[in-house]
Structures are given as structure tokens and as C-alpha cells.
Amino acid sequence: FYIDNVFVPNINHFPQQGASGGNIGMLNMDFVENVEVFTGGFGAAYGNKLSSVFNIAYREGNRERVNGQLNLSAIGVGAQLEGPMPGKRGAWMFSGNRSYLDLIAKALDMDNPADFYDLQGKATYDLGAGDRLSLLAVGGSSRTDYDHGDRELFSYATAGLNWRHLWGDSGYSDTSVSWSFLDGTENEYWESEGGIHEQYDYSNKWLTFRNVNHLRLASGPQLEFGAEAQHVRFRNWDDFDDAVTRLSATSAGAFAACTVQPFPHFSLTAGARVDFEVVPHLVLG
């Protein structure tokens, strides 16, 4: 997942370790301006991916006045607020949501009560006629309580800064740096094994740099090129074996692609990408 050129490893509540899905989406749909979904055959700009890619663009906040709204749904309540930066040189927007699934479960005497909350926002500031900075922050937490005292608890967040530079009428560049984490604790009860409880405690962190340039040539072709680098750190603790596993790795890549449109509603793209990865460092303790 990418939001405004910022890598976001998780956009869902109730995630799973090693996966990108979840039961409930975390993003505020009122903030989304555009979504590109590549279910396969994605371009050279997206390397080291196993399946699909989501490229999401958030809109700007209101540059004219402060306004907001309250939201009430079947699963939660939320609010959002947006307005202009001083001198109207940018805009900001912020939202927060809190579920009341746990309150409903208790009122109906249901098993497995769960709850979640999330906070997210974007601030944009014009540095000049052709330069703009945007700060993105998305984060939240989710919890599920099961029978026998079992519990799943997750917390996750991404913060990223993106600089957009316009090349006149011929194109633009996006350069971002971001930091993300996903922490989780899972308790499991195995009745078939005589009531054994096992707890997993893990922490995942990503530090990402990404640069993408878009250029339209006078003759018609469109060029896309850039580079990215990412450092990842994973930690997992299993109390059943009382073992801690730590893994760190760094990867980098560069890419270029050219798109031509020989006639309307038909385009051809050719691209190339080279990736480099430091051998992961694994520590068991």
C-alpha cells in the first residue's frame, strides 16, 4: 500500500502477522481522492511485491475555511476536521474513529468482544510555486478478547513526509521518507493439548525512502523513473519455547519505464528494474 508516495504496510484493523489484510479498513474514505489497484503485472516502480499493489492519493484539506463533520455507523463513531494553513499556503485535515463493538457485545452478552480506534491526518504546505511538502500520519489499535482469557492486541502506525517538485508543464517528482511499525500480542488456547496457553509477542518496523519522477516528453512518450530503499527490523518472542528471534535487512532498488500511446485507449509500457538486498541478519536468543 502507498498513500501519497508513502509506504504503508497496514491499512486494516485486526491484522495478521506476515499478512496485509484485516477485518475492517482503517482509512477514512472521505480523505481518499483516487485509488489505483494493480492486481498483477504492476510496473517497474513497484518491486519486491508478491501480489497486488494499491496506490492511494489523499486529497487536500479545505484551503478556504475550517469545517468538519461527525459520523455514526453500525460499528463506531468518528469525527473529522479540516481547514487552511496560515496565509492559505496549505491545508490540514484530521480524523478519529472509535468503535463500540465491545459495548454492543457486553449489552447482548455476546462472546469475543472486540474494539478498535484510529487517528489519521494530512497537512500540506506550499514552499513555493513549484514545491510542496505534505505530512501524512495514519495509526490505530485493535483488540479482540476470546473465551478462556485469550486475547489479540495490535497497534500500528505510519508517519511520512513527501516533497513534490513540479517541472513546469512537463512533469513532477515525489520524494518521501517514512517510518512504520506494527506491534502485536496473541494468546492461543489449545484445548486439544490439555489447555496449553501460548503467547506470541512481535514487533515489526520499516524505514523507507522513495523517489518517483514523472516526465512527459514533447514527442508524446511518458517516462517514469526513480529509486527506493528500505530497512526492516522484525522481532518475535514465543513464550512457549521462551525464544526471541530478531531479523534485520536492507534493500534498495532503481527503476525506469517508458509508456507510449499509439492510438486512443491503448498504451504500451516497457520498464526495467534492478534491486539490491543485504543478506538478512538473524539472531536467536
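Numbers here are sequence positions counted from 1.
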**Item:** Gap separating the OG atom of Ser134 from the CZ atom of Arg164, nearest 0.5 angstrom
**Value:** 8.0 Å
**Asked** Looking only at heavy atoms, what is the nearest atom pair of Asn71 and Ala79, with distance?
**Response** ND2-N, 4.4 Å
**Request:** Treat each ILVMFWY residue as a node, draw an edge where side-chain heavy atoms are under 4.5 Å apart, and state whether Val212 and Phe1 are in one component.
**Result:** no
**Message:** I need the minimum non-hydrogen distance between Thr269 and Ala257, along with the two atoms involved.
**Reply:** CG2-CB, 4.3 Å
**Message:** Angle between ring planes, Tyr58 versus Phe31, binned at 30° and 60°: parallel, tilted or perpendicular?
**Reply:** perpendicular
**Asked** Do Glu36 and Asn34 have side-chain atoms, one donor and one acceptor, less than 3.5 Å apart?
**Response** no
**Item:** CG on Asn5 to CG on Asn55, rounded to 0.5 Å
**Value:** 8.0 Å
**Message:** Keeping Ser99 on the side-chain end and Phe116 on the backbone end, is there a donor-acceptor pair under 3.5 Å?
**Reply:** yes
**Request:** On the 0 to 90° scale, with breaks at 30° and 60°, tag the Trp206-Phe234 ring pair as parallel, tilted or perpendicular.
**Result:** perpendicular
**Message:** Does Thr245 form a side chain to side chain contact (heavy atoms under 4.5 Å, CB included) with Arg235? I'd like the steps, not just the answer.
**Reply:** CA-CA 6 Å; Thr245 304; Arg235 175 189 176 276; over 6 Å; no
**Item:** In one Ile/Leu/Val/Met/Phe/Trp/Tyr side-chain cluster, 4.5 Å: Tyr117, Ile75
**Value:** no
**Prompt:** What residue among Arg89, Lys88, Arg132 forms salt bridge (charged side-chain N to carboxylate O under 4.0 Å, His left out) with Asp126?
**Reply:** Arg132
**Asked** Which distance, rounded to the nearest 0.5 Å, do you find between the CG of Asn162 and the CD1 of Ile3?
**Response** 12.0 Å
**Separation of Leu207 CG from Ser178 OG (nearest 0.5 Å)** = 7.0 Å
**Message:** Looking at Glu82 and Lys122, is any side-chain nitrogen of the basic one under 4.0 Å from a carboxylate oxygen of the acidic one?
**Reply:** no
**Complete:** For Gly61 and Ala91 the tightest heavy-atom approach is O-CB, 3.3 Å
**Complete:** Taking every heavy atom of Phe7 against every heavy atom of Ser180, the minimum-distance pair comes out as O-OG, 3.7 Å
**Item:** Tyr100 side chain reached by Asp115 side chain, heavy atoms, under 4.5 Å
**Value:** no
**Message:** Side chains of Trp163 and Asp131 only: does a donor on one sit below 3.5 Å from an acceptor on the other?
**Reply:** yes
**Message:** Is there a path of hydrophobic side-chain contacts, each under 4.5 Å between heavy atoms of I/L/V/M/F/W/Y residues, joining Phe209 to Trp179?
**Reply:** no
**Request:** Would you sort out whether Arg210 and Tyr2 count as a side chain to side chain contact (heavy atoms under 4.5 Å, CB included), showing the intermediate values?
**Result:** CA-CA 11 Å; Arg210 180 172 172 83; Tyr2 294 91; 3.7 Å; yes
**Message:** Are Phe276 and Val274 packed together at the side-chain level, in the sense that at least one heavy-atom pair is separated by less than 4.5 angstrom?
**Reply:** no
**Message:** Please enumerate all residues that pass side-chain hydrogen bond (donor to acceptor under 3.5 Å, both in side chains) together with Asn97, with sequence neighbours excluded.
**Reply:** Asp118
**Request:** Test Phe14 against Thr144 for side chain to side chain contact (heavy atoms under 4.5 Å, CB included), laying out the working first.
**Result:** CA-CA 8 Å; Phe14 308 104; Thr144 304; 3.3 Å; yes
**Prompt:** Which atom pair, heavy atoms only, marks the closest approach of Thr259 to Ser267?
**Reply:** CG2-CB, 4.1 Å
**Message:** Please evaluate residues Tyr202 and Thr185 with respect to the criterion side chain to side chain contact (heavy atoms under 4.5 Å, CB included), reporting the C-alpha separation (whole Å), side-chain torsions for both, the decisive distance (0.1 Å), and the verdict.
**Reply:** CA-CA 7 Å; Tyr202 54 87; Thr185 299; over 6 Å; no
**Spatial distance of atom OG (Ser141) from atom CE (Met26) [nearest 0.5 Å]** = 10.5 Å
**Prompt:** Can you check whether Pro15 reaches Leu182 side chain to side chain, under 4.5 Å on heavy atoms?
**Reply:** yes
**Item:** Flag for Asn211-Asn213: side-chain donor and acceptor within less than 3.5 Å
**Value:** yes
**Prompt:** Is there a salt bridge (charged side-chain N to carboxylate O under 4.0 Å, His left out) between Glu33 and Arg59 once you walk through the steps?
**Reply:** CA-CA 5 Å; Glu33 183 178 54; Arg59 64 176 177 85; over 6 Å; no
**Asked** Do Ser170 and Leu217 touch side chain to side chain, with heavy atoms closer than 4.5 Å?
**Response** no
**Asked** Going only through I, L, V, M, F, W and Y residues with side-chain contacts under 4.5 Å, is there a path from Leu133 to Tyr172?
**Response** no
**Asked** Which heavy atom in Val232 sits nearest to a heavy atom in Gln230, and how many Å separate them?
**Response** CG1-OE1, 3.6 Å
**Asked** Judged by modelled atom types alone, do Tyr156 and His13 share a side-chain donor-acceptor pair under 3.5 Å?
**Response** yes
**Message:** Taking side-chain hydrogen bond (donor to acceptor under 3.5 Å, both in side chains) as the definition, give me every residue that meets it alongside Arg233, ordered by chain and number, with sequence neighbours left out.
**Reply:** none
**Other residues, nucleotides, ligands: >12 heavy atoms within 6.0 Å of Trp237 CH2** = yes
**Side-chain donor-acceptor pair present, Asn28, Gln80, cut-off under 3.5 Å** = yes
**Side-chain heavy-atom pair Ile11, Val138 within 4.5 angstrom cut-off** = no
**Prompt:** Any donor and acceptor pair, going by atom type alone, linking the side chain of His231 with main-chain N or O of Thr208 inside 3.5 Å?
**Reply:** no
**Request:** Quick one: list whatever passes side-chain hydrogen bond (donor to acceptor under 3.5 Å, both in side chains) with Asn236, sequence neighbours left out.
**Result:** Gln17
**Message:** Between Asn62 and Arg65 (side chain of the first, backbone of the second, donor and acceptor by atom type, cut-off under 3.5 Å), is there such a pair?
**Reply:** yes
**Asked** Under a 4.5 Å side-chain heavy-atom rule over Ile, Leu, Val, Met, Phe, Trp and Tyr, are Ile56 and Val6 clustered together?
**Response** yes
**Message:** Once rounded to the nearest 0.5 Å, what's the spacing between atom CZ of Phe38 and atom OH of Tyr46?
**Reply:** 5.0 Å
